[in-house]
Amino acid sequence: MLSITARVLIPGRASGSALVLDDSLSFWGGFDPALGEIIDVHHPQFGQRVGGSILFIPESRGSAGTPGGIAETLRNGSGPRAFALGERDVNIGVGTLVANRLYALEIPVLAITLAEMAQIRIDDRIEIDRQGLISVSRQA
Amino acid sequence: MNLNQLDQDRLAGKLGKAMQFAMETIVTAAHIDQVDCLIDISFAHIDACFYNGRAHLDFVNYMLEHGATLAVPSWTNNGLVALNDLTVRDPLASREMDEARQLMQAYVKLGCNPVWTCAPYQLPDRPQLGAHIVGSESNAVSFYNSVIGARTNMYGDYLDVCAAIVGRVPCSKLHRDEARAAELVFDVTKLPQEILENDLFYHLLGHVIGRRSGHRVPAITGLAPACCEDDLKAISAAASSSGRVPLFHAVGITPEAESLDIASQGARVAQIIELKVVDLQQARSELGVNTGQPLAGIALGTPHFSVSEFERLVALLAGRELHPGLACYLTTSRHVYQQAQQRGWIEPLSLAGFRIITDTCTYFSPAINGLKGKIMTNSAKWAYYAPGMLPVEAVIGSLAECVESAVGGEVMLDRWGEL
């Protein structure tokens with residue numbers, strides 16, 4: 001079992017399956033917050049839904065609308081259970097903070113290095129605690 | 001985190017729950033950005049009034065219900081609908097459009113100045129050189145930083161409102177001198193003069209700069225001193241669409257770039273890209289190819305049309321009418337609309353066939369009425385975004401080419417248009 005100590009941007013506990021994005025994504029214009037679906041036709045994971053995952057995002061791409069896309073997908077339950085970012089991203093952090101506050105959620109946002117993120121595989125089982133410890137287990 | 005007594009009181013909830021929430025958001029943003037101090041701002045341009053789901057409405061309603069007030073003058077960006085013309089996007093047709101209208105009204109209630117424009121810098125009393133402000137819409141962030149020399153990061157929804165409530169932001173990135181130095185150069189000196197004098201050039205230049213700058217601050221050398229704010233607006237909007245360019249310097253033109261040495265803060269710039277005509281040709285083709293499909297309309301005013309652009313349009317149209325059956329849209333702010341009206345331009349343009357819209361824009365979904373098929377635009381931003389969000393294909397041209405095409409009923413490119 002692999003474990004990573006992340007920098008905590010927004011604290012919280014979460015568990016779920018890893019979804020690692022292969023490219024940056026704008027959560028306004030490139031993402032449908034009603035369905036939690038990637039709708040950017042240029043994105044390698046076009047059509048993928050992020051609901052229920054622990055979402056690993058190596059690189060961020062922000063429009064001013066990103067926090068709204070994040071808050072809306074978390075509000076309606078189509079969003080991920082946690083975010084792990086390869087770059088510090090104020091937009092994703094603020095969108096999550098607002099959703100946590102308005103809807104009494106506990107969605108964590110963590111920052112890790114790209115080298116750490118490279119160790120994560122899609123469908124790895126992830127556990128996150130409030131101190132930012134990420135425990136990763138993988139079926140053989 | 002270095003918080004003064006008032007900040008600590010805000011965070012502890014002594015100034016109410018709305019202020020506490022706003023302050024908590026500002027402090028979280030500072031924590032994420034890894035800065036330990038805040039700085040006062042004097043102005044905010046609010047993007048959170050642009051509808052993006054129910055959460056937007058819940059957020060502003062929370063703030064209103066808990067007694068939020070604004071600490072600085074706060075002007076609104078475009079909304080999703082036009083508040084003064086409910087037929088533009090038929091706001092009663094769906095719950096979303098109705099909530100979009102409610103959202104805009106909520107920001108008026110919060111105390112925003114309802115200018116509803118993505119080009120707030122075209123209005124009087126704009127921020128001045130060196131002012132710390134909050135910008136949100138990407139073209140306005142770029143224009144404020146670059147052309148005016150005010151200082152703002154690219155603030156997203158909610159953080160813009162929280163900053164306006166608190167009157168402070170984390171002192172990070174473009175608020176600091178060291179983040180504003182030019183790091184690469186686009187040199188346009190060798191391009192033919194007739195290209196530099198064409199308004200389309202600035203859109204294509206911005207597109208190239210956005211594509212190639214990455215996270216670096218670009219400087220442009222060789223622009224004609226006669227280049228005007230409309231041209232600099234075009235660079236701001238185009239570069240912030242194809243890339244992420246919250247600040248650029250135009251040497252000899254913009255306020256922090258009297259010389260390249262000043263723009264780079266004395267450092268040697270590592271990369272100089274000499275632009276050639278072929279770079280502009282490539283930008284033009286990336287922004288849309290003129291297929292055999294018939295012309296369905298034109299879209300002008302992304303970002304919102306200025307008074308000087310109205311003046312040029314009226315002169316180029318020279319009293320002619322637009323080809324019947326085309327959907328010809330022009331978007332602007334209420335303020336500029338009024339200016340154009342006082343100059344007697346609105347009526348003849350409307351009679352000629354233009355539908356002039358305020359408060360919103362035409363490049364995003366849901367489509368405003370009748371906008372589909374092959375649309376010609378003078379805006380790189382429109383051409384970049386609209387085909388992804390609407391059932392349209394875009395052709396970009398200069399303002400003169402757009403006018404000739406709209407009059408003739410088919411895409412007409414002038415000699416320079418062969419680019």
Side-chain angles (χ1 to χ4, degrees), chain A residues 7-11 24 26-36 39-43 46 59-79 83 85 87-105 108-111 132, chain B residues 17 20-21 24-34 45-48 50-59 61-63 77 96 103 118 134-141 153-163 169-170 172-173 215 240-241 243-244 363-365 385 387-389:
Chain A
R7 193 163 86 85
V8 177
L9 305 184
I10 310 274
S24 63
S26 171
F27 286 84
W28 183 81
F31 178 78
D32 179 359
L35 299 173
I39 57 167
D40 179 347
V41 294
H42 306 293
H43 197 280
F46 170 70
E59 214 189 340
S60 59
R61 178 150 51 106
S63 83
T66 280
I70 297 287
E72 178 60 14
T73 192
L74 295 177
R75 180 194 71 83
N76 65 35
S78 67
F83 296 92
L85 310 176
E87 263 176 31
R88 54 191 202 204
D89 184 310
V90 172
N91 277 335
I92 291 175
V94 165
T96 305
L97 175 76
V98 165
N100 283 351
R101 170 57 71 92
L102 290 179
Y103 309 114
L105 304 174
V109 182
L110 307 175
Chain B
K17 277 190 163 180
Q20 185 179 28
F21 187 7
E24 193 186 357
T25 306
I26 297 293
V27 168
T28 300
H31 167 68
I32 294 173
D33 258 348
Q34 295 180 295
H45 184 223
I46 302 293
D47 185 69
F50 185 95
Y51 185 78
N52 189 17
R54 173 80 210 178
H56 261 37
L57 202 50
D58 291 342
F59 171 78
N61 283 339
Y62 179 96
M63 289 301 186
N77 189 15
E96 283 76 16
L103 182 72
C118 55
V134 159
S136 50
E137 208 286 337
S138 64
N139 98 83
V141 167
N153 291 319
M154 197 107 60
Y155 289 97
D157 292 349
Y158 312 135
L159 190 54
D160 53 359
V161 180
C162 292
V169 291
S172 68
K173 296 177 280 193
H215 287 272
S240 305
S241 301
R244 189 197 152 281
Y363 71 85
F364 42 72
S365 69
Y385 280 115
M389 291 194 247

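We name chains A, B, ... by the order of the sequence lines, and we start the count at 1 in each one.
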So OH of B:Tyr158 and CG of A:Asn91: to nearest 0.5 Å the spacing works out to 11.0 Å
Problem - Heavy-atom donor-acceptor pair, B:His31 side chain to A:Val8 backbone, under 3.5 Å - result: yes
Looking only at heavy atoms, the pair that brings A:Gly65 and B:Asp157 closest together is CA-OD2, 3.5 Å
Starting from the C-alpha separation in whole Å, work towards a yes-or-no answer on side-chain contact (heavy atoms from CB on, under 4.5 Å) for A:Glu72 and B:Asn52. CA-CA 8 Å; A:Glu72 178 60 14; B:Asn52 189 17; 5.9 Å; no
With chain A, the option among B:Thr25, B:Asp58, B:Thr28 that has the most non-hydrogen atom pairs under 4.5 Å is B:Asp58
Ranking B:Tyr62, B:Phe21, B:Phe364 by heavy-atom pairs under 4.5 Å to chain A gives rank one to B:Phe21
Turns out that what part of A:Leu85 lies under 4.5 Å from chain B's heavy atoms comes down to neither
Applying a strict 4.5 Å limit to non-hydrogen atoms, the region of B:Phe59 in contact with chain A is both
Applying a strict 4.5 Å limit to non-hydrogen atoms, the region of B:Tyr51 in contact with chain A is neither
Turns out that what part of A:Leu102 lies under 4.5 Å from chain B's heavy atoms comes down to side chain
When the 4.5 angstrom heavy-atom criterion is applied to A:Arg88 and chain B, the contacting part is both
Residues B:Ala29 and A:Val90: closest non-hydrogen pair is CB-CG1, 3.9 Å
Per-residue tally against chain A (heavy atom, under 4.5 Å) across B:Asp47, B:Asp33, B:Val141 peaks at B:Asp33
Greatest number of non-hydrogen atom pairs under 4.5 angstrom with chain B, of A:Leu97, A:Val98, A:Val94, falls to A:Val98
Rounded to the nearest 0.5 Å, the CD atom of A:Glu87 sits from the CD1 atom of B:Ile32 at a distance of 13.0 Å
When the 4.5 angstrom heavy-atom criterion is applied to B:Ser138 and chain A, the contacting part is neither
Checked A:Gly68, A:Gly93, A:Ala99 vs chain B; the most non-hydrogen pairs under 4.5 Å come from A:Gly68
The reported gap from CD in B:Gln20 to CZ in A:Arg101 (rounded to nearest 0.5 angstrom) is 6.0 Å
